[in-house]
**Q** 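Questions regarding the structure given below will be posed in turn.
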Amino acid sequence: MTPFAKTVYEVVRKIPKGQTRTYKQVASAAGRPGAYRAVGNILNKNFDPAIPCHRVIRSDGSTGGYNRGATKKKERLRKEGVLS
DNA sequence: CGTATGACGTGCA
DNA sequence: GTGCACGCCATAC
């Protein structure tokens with residue numbers, strides 16, 4: 001576990017329910033504003049259910065991907081009222 | 001150390 | 001509005 005990944009997990013874990021954060025925002029909060037690419041890479045390798053990684057979406061509003069399927073991610077976000 | 005990969009972002013056709 | 005190509009950063013090999 002690298003410090004960067006650890007920070008990313010912390011930030012993602014701190015995301016309030018019903019709210020979403022872009023990969024850019026997470027990367028910025030993690031201390032690497034330009035490492036949004038790495039953020040996605042890290043979350044992709046992460047399978048810890050304690051981390052609401054489904055609340056992290058793309059800057060353009062797209063849900064992006066999910067370790068359990070993009071569809072599942074959409075379902076979750078919709079359940080939380082983030083998506084219509 | 002160098003190359004390849006990926007849940008991305010922005011720009012341009 | 002959609003699709004493609006290039007650029008960026010951390011990891012894995």
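In what follows, chains are A, B, ... by sequence order, proteins preceding strands, each numbered from 1.
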**Q** Write down the distance between CG (A:Asn41) and P (C:dA12), rounded to a whole number of angstrom.
**A**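 In whole Å, C:dA12 P and A:Asn41 CG are 9 Å from each other.
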**Q** Using whole Å, report how far NZ of A:Lys72 lies from C1' of B:dA7.
**A**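 That distance rounds to 17 Å.
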**Q** Flag the pair A:Leu77 / A:His54 as yes when at least one side-chain heavy-atom distance between them is below 4.5 Å, and no otherwise.
**A**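 Yes, at least one pair of side-chain atoms sits under 4.5 Å.
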**Q** Could you work out which one of B:dG9, B:dA7, B:dG6 sits closest to the side chain of A:Ala38?
**A**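 Of B:dG9, B:dA7, B:dG6, B:dG6 is nearest to the side chain of A:Ala38.
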**Q** Between A:Phe47 and A:Arg68, which heavy-atom pair has the shortest distance, and what is it?
**A**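 Result for this residue pair: O-NH2, 4.0 Å.
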**Q** What are the two closest heavy atoms between A:Ala27 and A:Val39, and how far apart are they?
**A**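 A:Ala27 and A:Val39 have their closest heavy atoms at CB-CG2, 3.5 Å.
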**Q** What contact category does A:Lys73 fall into here, base, sugar-phosphate, or nothing, at under 4.0 angstrom with non-hydrogen atoms?
**A**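 Contact class for A:Lys73: base.
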**Q** Strictly below 4.0 Å, heavy-atom distances to any atom of DNA chain C: list the hits from residues 76-84 of chain A, or just say none.
**A**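 The stretch gives none, as no residue of it lies under 4.0 Å from the strand.
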**Q** From the set B:dA7, C:dA10, B:dT10, return the single nucleotide nearest to any side-chain atom of A:Tyr23.
**A**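 Nearest listed nucleotide: B:dA7.
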**Q** Between A:Pro52 and A:Ala50, what is the shortest heavy-atom contact and its length?
**A**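 Closest approach of A:Pro52 to A:Ala50: CD-O, 3.5 Å.
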**Q** Would you tell me if any nitrogen or oxygen in the side chain of A:Ser59 comes within less than 4.0 Å of OP1 or OP2 on B:dT10?
**A**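 For B:dT10, OP1/OP2 do have a side-chain N/O of A:Ser59 under 4.0 Å.
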**Q** Of the non-hydrogen atoms in A:Lys73 and A:Thr63, which two are nearest, and what is the gap between them?
**A**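 For A:Lys73 versus A:Thr63, the nearest heavy atoms are NZ-O, 2.5 Å.
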**Q** Would you indicate which nucleotide in C:dA12, B:dT5, B:dA7 comes nearest to any side-chain atom of A:Lys45?
**A**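 For A:Lys45, the side-chain atoms sit closest to C:dA12.
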**Q** Without swapping roles, check the side chain of A:Thr7 against the backbone of A:Pro3 for a donor-acceptor pair under 3.5 Å.
**A**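 Between the backbone of A:Pro3 and the side chain of A:Thr7 there is a qualifying donor-acceptor contact (under 3.5 Å).
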**Q** Considering only residues two or more places apart or on different chains, which pairs with a residue in residues 43-55 of chain A satisfy salt bridge (Lys or Arg N to Asp or Glu O under 4.0 Å)?
**A**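 Listed once each, the pairs are A:Arg55-A:Glu80.
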**Q** Quick one: A:Leu43 CG to C:dA10 C1', roughly how many Å, whole number?
**A**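 After rounding, the reported distance stands at 12 Å.
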**Q** Rounded to whole angstrom units, what separation is found between the CZ atom of A:Phe47 and the C1' atom of B:dA7?
**A**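 Whole-Å distance recorded here is 11 Å.
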**Q** Taking the side chain of A:Asn44 as its heavy atoms from C-beta onward, which of B:dG6, C:dA10, B:dT10 lies nearest to it?
**A**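 My answer, after comparing the listed nucleotides, is B:dG6.
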**Q** Can you name the closest pair of heavy atoms from A:Val8 and A:Ala30 and give their distance?
**A**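 Closest approach of A:Val8 to A:Ala30, heavy atoms only: CG2-CB, 3.8 Å.
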**Q** Please report the distance, rounded to the nearest Å, between CZ in A:Phe4 and C1' in B:dG6.
**A**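 Nearest whole value for this atom pair: 13 Å.
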**Q** Counting only side-chain N and O atoms of A:Arg58, is one of them less than 4.0 Å from OP1 or OP2 of B:dG9?
**A**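 So the side chain of A:Arg58 is within the cut-off, an N or O lying under 4.0 Å from OP1 or OP2 of B:dG9.
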**Q** Starting at atom OH of A:Tyr9, determine the distance to atom C1' of B:dA7, rounded to an integer number of angstrom.
**A**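 Checked: the OH to C1' distance equals 12 Å.
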**Q** Find the distance A:Asp48:CG to B:dA7:C1' and express it as a whole number of Å.
**A**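 Atom-to-atom, A:Asp48 to B:dA7, this comes out as 16 Å.
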**Q** Show me the protein contacts with nucleotides 3-8 of chain C, counting only N or O atoms at under 3.5 Å.
**A**
from: C:dG7; atom 1: O6; to: A:Arg37; atom 2: NH2; distance (Å): 3.0

**Q** Nearest to the A:Asn67 side chain among B:dG9, C:dA10, B:dA7, which nucleotide is it?
**A**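 It is B:dA7.
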**Q** Does the side chain of A:Ile42 reach to within under 4.5 Å of the side chain of A:Tyr9, using non-hydrogen atoms?
**A**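 Heavy-atom side-chain distance check passes, below 4.5 Å.
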**Q** Atom CG of A:Leu43 and atom OH of A:Tyr66: how far apart are they, to the nearest 0.5 Å?
**A**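 Those atoms lie 10.5 Å apart.
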